[in-house]
Engineer: 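Can you keep this structure in mind? I'll have questions shortly.
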Amino acid sequence: MRLSKAFIPTQKEVPADATIPSHQLMIRAGLMRQLTAGVYSFLPLGLRALMKAMQIVREEMNAIGGQEFLLPALNPESLWIQTGRRDVPNFILSIEERDLVLAPTHEEVIASIAANHIQSYKDLPQIWYQIQTKFRNEPRPRSGVLRGRQFIMKDSYSLDASPEGLDASYEKHAEAYRRAFTRAGLKFFVVGASSGAMGGSGSQEFMVESEFGEDTVALCDACGYAANLEVATSKVEPAARTENGKAVEEIHTPNVKTIDQLAEFLKVDHRRLAKSLVYRHNGQPLLVLMVGNDQLNETKLSAALGGGEVEPMGAEQLRALTGADGGSIGPVGLKGFRVIADKRLEGANNLISGANKNDYHLGNIDLQRDATIEGYFDLRTVEAGEPCPQCLKLLNVTNAIEVGHIFKLGTKYSEALNARFLDENGQSLPIIVGSYGIGIERIVAAFIEQSHDDQGIIWNTALAPYHVHVIAVSMNSKETVLASNQIYRALTEAGVETLFDDRSNASPGFKFMDADVLGMPLQVIVGEKGLRNKQVEIKRRATGERTMVAVDDVVSEVKKLLQG
RNA sequence: CGGGACGUGGCGCAGCCCGGUAGCGCACUUGCUUGGGGUGCAAGGGGUCGCGGGUUCAAAUCCCGCCGUCCCGACCA
């Protein structure tokens, strides 16, 4: 492609709205433009990168026997009502007029096809996938293309007759994802994840470390343990049980509101303190006990409660129910609340907690003796520096971009939509479904996050919109024009995807800067300097390393460099 | 949805406090110039100052309302 004819609007300056490197560079390099919040137009160069990412994913899906579909984005609302997902908040962007919705994902459509056409265990297993645009009612799109209202996703669905079959399909996907992200050049890791409101029995996320990622993960460098913070655990010491359990005593704690104040006031370790958090679960008052300053993990809380709506209790309601304020609530003698506690508190005694009376706390609490605890669950959020649950080495906590997610879904949607098959014994069973997603734009953005410098993007061969960027240093030099055209043609004919800066109105410096912003792996610089010796310069974008090669050897040299 | 910020030619910004001619840099057009790291000079084109209302002789500027965009948080299969 000749730059003199191409629509590749590069910019020196970037809209103030773009705050992270990938977003800024995708705009500076002319890959995309924003249309409205969370919605981007991909320009020709950006589309080429997207297509590269898609093709890698497609090939790896095909390699595991995946069959490509293209499912409609516009869906009848009734399908979603049947699975109960019409009312999931912030999910469906609806087209009211005809009871149509823009599909946020495609389990429903897949299940409806399966319901009509999968009849026998002999039809199974199947892996069906598509690469298609999704729409979601994101309350707050952000970080460029990392979280949008419209985005392209490879979604696939495995249909199996048995849990073992699901396990196999799931494993195939895990393998395909590993290969795809490896080929794309992403430094990724796999974490255990929450299956959340989606339901199902197992789930893993493919993560690319980035300070701008929205997910937080715990990682162990020693043994490879990796988990989303939503489900991560650690081996923190429990709040111990001491020998001599004394009787509960009331302690006057004037103006003590927070755990830190309480620890300071009483001069005791945080681990002796039982913090009370008050919620309503499906409307019912709920007290959650945590150790000292441990952070409650609401994903774990929700899982411990078996789902349902969990929301913090308002201050007025709390006072009405207990007569006390937030900093003075405790489990002893508390009426009308269900009480659950973090596992770290299991068996503990000599604890201090609120007295349900302002300015007072209770000491020497033995949870078994003095309170009614419905259950002990892992409810705390892991923090950096805590011991790894597997090997006890210290955990790291880091942010990451989720580029892929795989789910063992089970039969939730097949049951709702009556997608069943007959097994060997003639018995009708729901199809066992797995669901797997890859964010195509996220592959590109995550790659740019991990591969750029102050000058611009640094593409690898796998994702680069073009492999080689030929620069004609001056279009006023006949020799340069002649040689650069010849090289451009030779490369193109040899099947090398080549961008050719043949603009006559741009200064050499301008062209060099543009080439660095665009970031193709190799730059072939054709100018009078080298041509005097019948040579051109090849620059590797990643390292800045330059070599002079004979004009006649450019094609073979370029091919060699692209391999390595 | 809570907190914060911003909205002025395509992009980045100043002007707003203290009301009175819309301005700068980049980009764009034309001519000359330069030619290995965003050339230089000159002449141009382009803006309902987000939208609506109010105050005023007069509003980009003051007041009210709305909309949009971004950031933090909440939420997120």
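Because only heavy atoms are used, hydrogens play no part in the values below, and waters and symmetry mates are left out as well, while side chains stay in.
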Engineer: Any N or O donor-acceptor pair linking the side chain of A:R546 to the base of B:rG37 at under 3.5 Å?
Structural biologist: yes
Engineer: Give the ring-plane orientation class for A:Y436 versus A:H173, where under 30° counts as parallel, over 60° as perpendicular and anything between as tilted.
Structural biologist: parallel
Engineer: Should the side chain of A:R147 and the base of B:rC76 be counted as holding a donor-acceptor pair, with the cut-off at 3.5 Å?
Structural biologist: yes
Engineer: Report the nucleotide, chosen from B:rG38, B:rG12, B:rC70, that has the shortest atom-to-atom distance to any side-chain atom of A:T19.
Structural biologist: B:rC70
Engineer: Show me the side-chain donor-acceptor pairs of residues 7-14 of chain A shorter than 3.5 Å, one per line, residues at least two apart or across chains.
Structural biologist:
| from | atom 1 | to | atom 2 | distance (Å) |
| --- | --- | --- | --- | --- |
| A:T10 | OG1 | A:D514 | OD1 | 3.0 |
| A:T10 | OG1 | A:D514 | OD2 | 3.3 |
| A:Q11 | OE1 | A:R33 | NH2 | 3.4 |
| A:Q11 | NE2 | A:E13 | O | 2.7 |

Engineer: Have a look at A:E298 and say if it touches a base, only the backbone sugar-phosphate, or nothing, with a 4.0 Å heavy-atom cut-off.
Structural biologist: sugar-phosphate
Engineer: Rounding to a whole Å, what distance do you find between A:H23:NE2 and B:rC71:C1'?
Structural biologist: 13 Å
Engineer: Is A:A506 touching bases, backbone alone, or none of the nucleic acid, heavy atoms closer than 4.0 Å?
Structural biologist: base
Engineer: When you measure only distances, ignoring hydrogens and angles, does the side chain of A:Q11 come within 3.5 Å of the base of B:rG10 through a donor and an acceptor?
Structural biologist: no
Engineer: For B:rC72, does OP1 or OP2 lie under 4.0 Å from any side-chain N or O of A:R140?
Structural biologist: yes
Engineer: What's the gap between B:rU8 and B:rA22 when it is taken at their C1' atoms, as a whole Å value?
Structural biologist: 8 Å
Engineer: Strictly by Watson-Crick or wobble contacts shorter than 3.5 Å, is anything paired with B:rG2, and which nucleotide is it?
Structural biologist: B:rC72
Engineer: Could you check whether A:P139 gets within reach of a base, just the sugar-phosphate, or nothing at all, counting any heavy atom under 4.0 Å?
Structural biologist: base
Engineer: Within the 4.5 Å heavy-atom criterion, are A:L296 and A:Y279 side-chain neighbours or not?
Structural biologist: yes
Engineer: Tell me the partner of B:rG44, counting only Watson-Crick (N1-N3 plus N6-O4 or O6-N4) or G-U wobble (N1-O2 and O6-N3) with both under 3.5 Å; none if nothing fits.
Structural biologist: B:rC28
Engineer: Describe the nucleic acid contact of A:K539 in one word from base, sugar-phosphate, nothing, applying a heavy-atom distance below 4.0 Å.
Structural biologist: base
Engineer: Treating A:W459 as the side-chain partner and A:L518 as the backbone partner, does any N or O pair qualify as donor plus acceptor under 3.5 Å?
Structural biologist: yes
Engineer: Which nucleotide, if any, forms a Watson-Crick or G-U wobble pair with B:rC57, using both distances under 3.5 Å?
Structural biologist: B:rG20
Engineer: Just checking A:G530: base, sugar-phosphate only, or nothing, at a heavy-atom cut-off of under 4.0 Å?
Structural biologist: base
Engineer: Please check: side-chain N/O of A:K300 versus main-chain N/O of A:R380, any donor-acceptor pairing under 3.5 Å?
Structural biologist: yes
Engineer: Just by distance, do the side chain of A:K511 and the backbone of A:A472 share a donor-acceptor pair under 3.5 Å?
Structural biologist: yes
Engineer: For RNA chain B, which residues in residues 33-40 of chain A have a heavy atom at a distance below 4.0 Å?
Structural biologist: A:Q34, A:T36, A:A37
Engineer: Strictly by Watson-Crick or wobble contacts shorter than 3.5 Å, is anything paired with B:rG65, and which nucleotide is it?
Structural biologist: B:rC51
